[in-house]
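Take a look at the structure set out below.
Both backbone and side-chain heavy atoms feed into the values below; hydrogens, waters and symmetry mates do not.
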Amino acid sequence: MEPGRFFIWTPDQPGLFPPHSAGPVRCWLEPARIPPAWLAQFPTGADIVRKTVELRPEHGTPPDRRLLRRRDCEFEIFRSVEEAIELPAITAGFTTLDDFIARAQTILQRRKARSGRSLELHTREILIEERFREGVDFQHGAQSDPDKRPDFLFPSQTAYRDPGFPEARLRMLATKTTCRDRWRQVINEADRIPVKHLLTLQEGVSEAQFREMMQANVQLVVPEPLIAKFPASIRTDIVTLESFLGDLRLSGTQAP
């Protein structure tokens with residue numbers, strides 16, 4: 001679920017939760033620091049992202065590194081809330097196997113949903129911080145064509161649907177934590193935009209898969225610190241988030 005992260009459970013370490021570091025974890029919320037409403041009802045992804053921005057404003061940090069640092073922080077916040085809510089029930093035990101399976105499925109499904117939505121929400125925050133105005137310079141979740149909704153449309157749905165608006169100034173950005181075969185979903189998300197930009201945190205793809213993406217006019221956008229994990233032969237063809245934002249400004253997509 002998290003690129004570059006893995007956990008190993010051993011026989012002497014039961015439970016669904018890997019132990020967090022005994023040292024100071026900057027974004028880990030002890031129960032006393034968790035908003036009471038979150039303990040009554042698990043917070044939404046947007047709630048956790050807002051808390052992340054509060055704890056990690058990262059003013060002056062380049063967008064690529066800001067994104068990765070906040071993702072790490074958000075994951076710590078999520079796990080701390082998850083542990084505070086779920087661990088008491090886990091340690092109390094279950095009377096039936098079905099109860100245990102149902103609880104485990106709820107936890108795992110919540111983790112999957114968080115991971116899929118997280119990158120999209122963090123990207124929206126960074127766009128706003130970089131002075132892209134929502135509704136003017138970009139739209140989040142707008143419909144491009146019937147039954148098609150790219151994560152981000154630049155500058156707007158109105159511009160996209162205006163035949164007189166230059167296609168050269170239109171952009172779209174999809175966000176997928178990992179792309180693998182899912183990158184093909186991006187190909188048909190905006191018919192007027194020939195090159196589809198795809199922001200991912202996946203740590204590397206094969207040269208063959210990258211060539212297939214390029215042939216389909218899918219341009220990978222990868223945070224700068226992760227580019228070193230890709231084959232050397234394709235690194236110069238990958239766009240960073242900061243470069244993508246620069247392209248938006250140069251193309252005139254961002255209004256003055």
Side-chain angles (χ1 to χ4, degrees), residues 1-5 25-27 45-46 48-78 114-134 137-140 150-155 171-180 182-183 186 193 195-207 209-210 213-214 217-251 253-254:
M1 295 182 213
E2 295 297 322
R5 294 178 179 271
V25 180
R26 293 176 298 173
C27 292
I48 297 178
V49 168
R50 279 192 292 270
K51 186 66 173 178
T52 303
V53 174
E54 175 189 324
L55 295 177
R56 290 290 170 270
E58 298 290 335
H59 296 309
T61 305
D64 296 82
R65 294 185 180 275
R66 194 186 321 160
L67 175 63
L68 294 180
R69 286 172 61 84
R70 284 182 178 170
R71 279 273 301 185
D72 287 342
C73 179
E74 180 224 345
F75 189 47
E76 291 292 337
I77 295 172
F78 176 89
R114 182 213 68 87
S115 183
R117 182 78 167 153
S118 165
L119 180 58
E120 184 180 338
L121 294 173
H122 281 296
T123 302
R124 176 181 174 273
E125 287 295 326
I126 287 177
L127 283 169
I128 293 171
E129 291 168 355
E130 294 297 310
R131 300 185 179 181
F132 288 86
R133 294 162 296 179
E134 190 165 15
D137 302 315
F138 78 95
Q139 278 190 265
H140 177 212
D151 293 329
F152 297 95
L153 194 61
F154 304 88
R171 297 289 189 277
M172 63 146 284
L173 179 68
T175 58
K176 294 187 183 297
T177 308
T178 58
C179 46
R180 295 190 177 89
R182 297 175 63 227
W183 65 268
V186 176
I193 302 174
V195 177
K196 324 295 184 183
H197 285 82
L198 170 59
L199 174 62
T200 185
L201 303 181
Q202 182 166 317
E203 298 183 352
V205 298
S206 68
E207 294 181 46
Q209 185 179 43
F210 186 77
M213 291 180 181
M214 295 292 284
N217 284 328
V218 174
Q219 172 64 63
L220 274 188
V221 181
V222 178
E224 184 273 331
L226 300 182
I227 291 180
K229 298 180 181 293
F230 287 74
S233 60
I234 66 175
R235 290 175 194 167
T236 56
D237 294 318
I238 297 173
V239 172
T240 65
L241 178 57
E242 189 166 17
S243 294
F244 175 72
L245 298 180
D247 171 66
L248 291 176
R249 295 184 179 103
L250 290 173
S251 67
T253 298
Q254 185 181 27

What verdict does the side-chain contact (heavy atoms from CB on, under 4.5 Å) test give for L119 and K176, after you've listed the backbone C-alpha separation in whole Å, the side-chain angles of each residue and the deciding distance to 0.1 Å? CA-CA 7 Å; L119 180 58; K176 294 187 183 297; 5.9 Å; no
Residues V186, M213; criterion side-chain contact (heavy atoms from CB on, under 4.5 Å); working and verdict: CA-CA 10 Å; V186 176; M213 291 180 181; over 6 Å; no
Carefully, step by step, assess R66 and E130 under the rule salt bridge (Lys or Arg N to Asp or Glu O under 4.0 Å). CA-CA 12 Å; R66 194 186 321 160; E130 294 297 310; 2.7 Å; yes
Using side-chain contact (heavy atoms from CB on, under 4.5 Å), reason through T177 and S118 one step at a time and then give a plain yes or no. CA-CA 8 Å; T177 308; S118 165; over 6 Å; no
Checking C27 against T52 for the side-chain contact (heavy atoms from CB on, under 4.5 Å) test, could you report, in this order, the C-alpha distance in whole Å, the side-chain angles of both residues, the deciding distance, and whether it holds? CA-CA 8 Å; C27 292; T52 303; 6.0 Å; no
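Under the side-chain hydrogen bond (donor to acceptor under 3.5 Å, both in side chains) criterion, R171 pairs with D247, not counting sequence neighbours. The side-chain hydrogen bond (donor to acceptor under 3.5 Å, both in side chains) check on D64 picks up nothing, with sequence neighbours excluded. Annotation: salt bridge (Lys or Arg N to Asp or Glu O under 4.0 Å) contacts of K51 (sequence neighbours excluded): E54. With sequence neighbours left out, the ring pair (Phe, Tyr, Trp, His ring centres under 6.0 Å) criterion links F230 to no other residue. Residues forming a side-chain hydrogen bond (donor to acceptor under 3.5 Å, both in side chains) with Q219 (at least two apart in sequence, or on another chain): none. Checked against salt bridge (Lys or Arg N to Asp or Glu O under 4.0 Å), E242 has no partners two or more places apart in sequence or in another chain. Scored by the side-chain hydrogen bond (donor to acceptor under 3.5 Å, both in side chains) test, T200 finds no partners at all (sequence neighbours excluded). Remark: E134 pairs with R124 by the salt bridge (Lys or Arg N to Asp or Glu O under 4.0 Å) rule, at least two apart or across chains. In terms of the ring pair (Phe, Tyr, Trp, His ring centres under 6.0 Å) criterion, H122 has no residue partners (sequence neighbours excluded). The salt bridge (Lys or Arg N to Asp or Glu O under 4.0 Å) search around R70 returns E129, not counting sequence neighbours. For F138, the ring pair (Phe, Tyr, Trp, His ring centres under 6.0 Å) criterion is met by no residue, not counting sequence neighbours.
The side-chain hydrogen bond (donor to acceptor under 3.5 Å, both in side chains) contacts involving residues 231-240 comprise E207-S233, T240-S243, where partners must be two or more places apart or lie in separate chains.
Atom CD of Q202 and atom CZ of R182 lie 10.0 Å apart (nearest 0.5 Å). Remark: W183 CH2 to Q209 CD distance equals 7.0 Å, nearest 0.5 Å. The distance from atom CG of L220 to atom CG of L199, rounded to the nearest 0.5 Å, is 9.5 Å. Within the model, atoms CD1 of I227 and CD of E203 stand 12.5 Å from one another, a figure rounded to the nearest 0.5 Å. Rounding to the nearest 0.5 Å gives a distance of 9.0 Å between CG of L245 and CG of L173. The distance from atom SG of C73 to atom CZ of F78, rounded to the nearest 0.5 Å, is 14.0 Å.
Contact detail for P231 and V205: the closest heavy-atom pair is CD-O, 3.3 Å. The two atoms that bring F154 and D137 nearest to each other are CD2-O, 3.5 Å, heavy atoms only. Here the closest non-hydrogen pair linking F244 and V239 is N-CG1, 3.7 Å. Smallest separation of non-hydrogen atoms from V221 and H197: CG2-CD2, 3.9 Å.
Using a 4.5 Å cut-off on side-chain heavy atoms (C-beta onward), I48 and L121 make no contact. Contact check for R65 versus P223: no side-chain heavy atoms found under the 4.5 Å cut-off.
Of the possible polar contacts, one joining the S251 side chain to the L248 backbone as a donor-acceptor pair under 3.5 Å is found. One N or O on the side chain of D151 and one on the backbone of T175 form a donor-acceptor pair closer than 3.5 Å.
The pair R114-E74 counts as a salt bridge, with a side-chain nitrogen and a carboxylate oxygen less than 4.0 angstrom apart.
Side-chain contact, T61 with R69: no donor N or O sits under 3.5 Å from an acceptor N or O.
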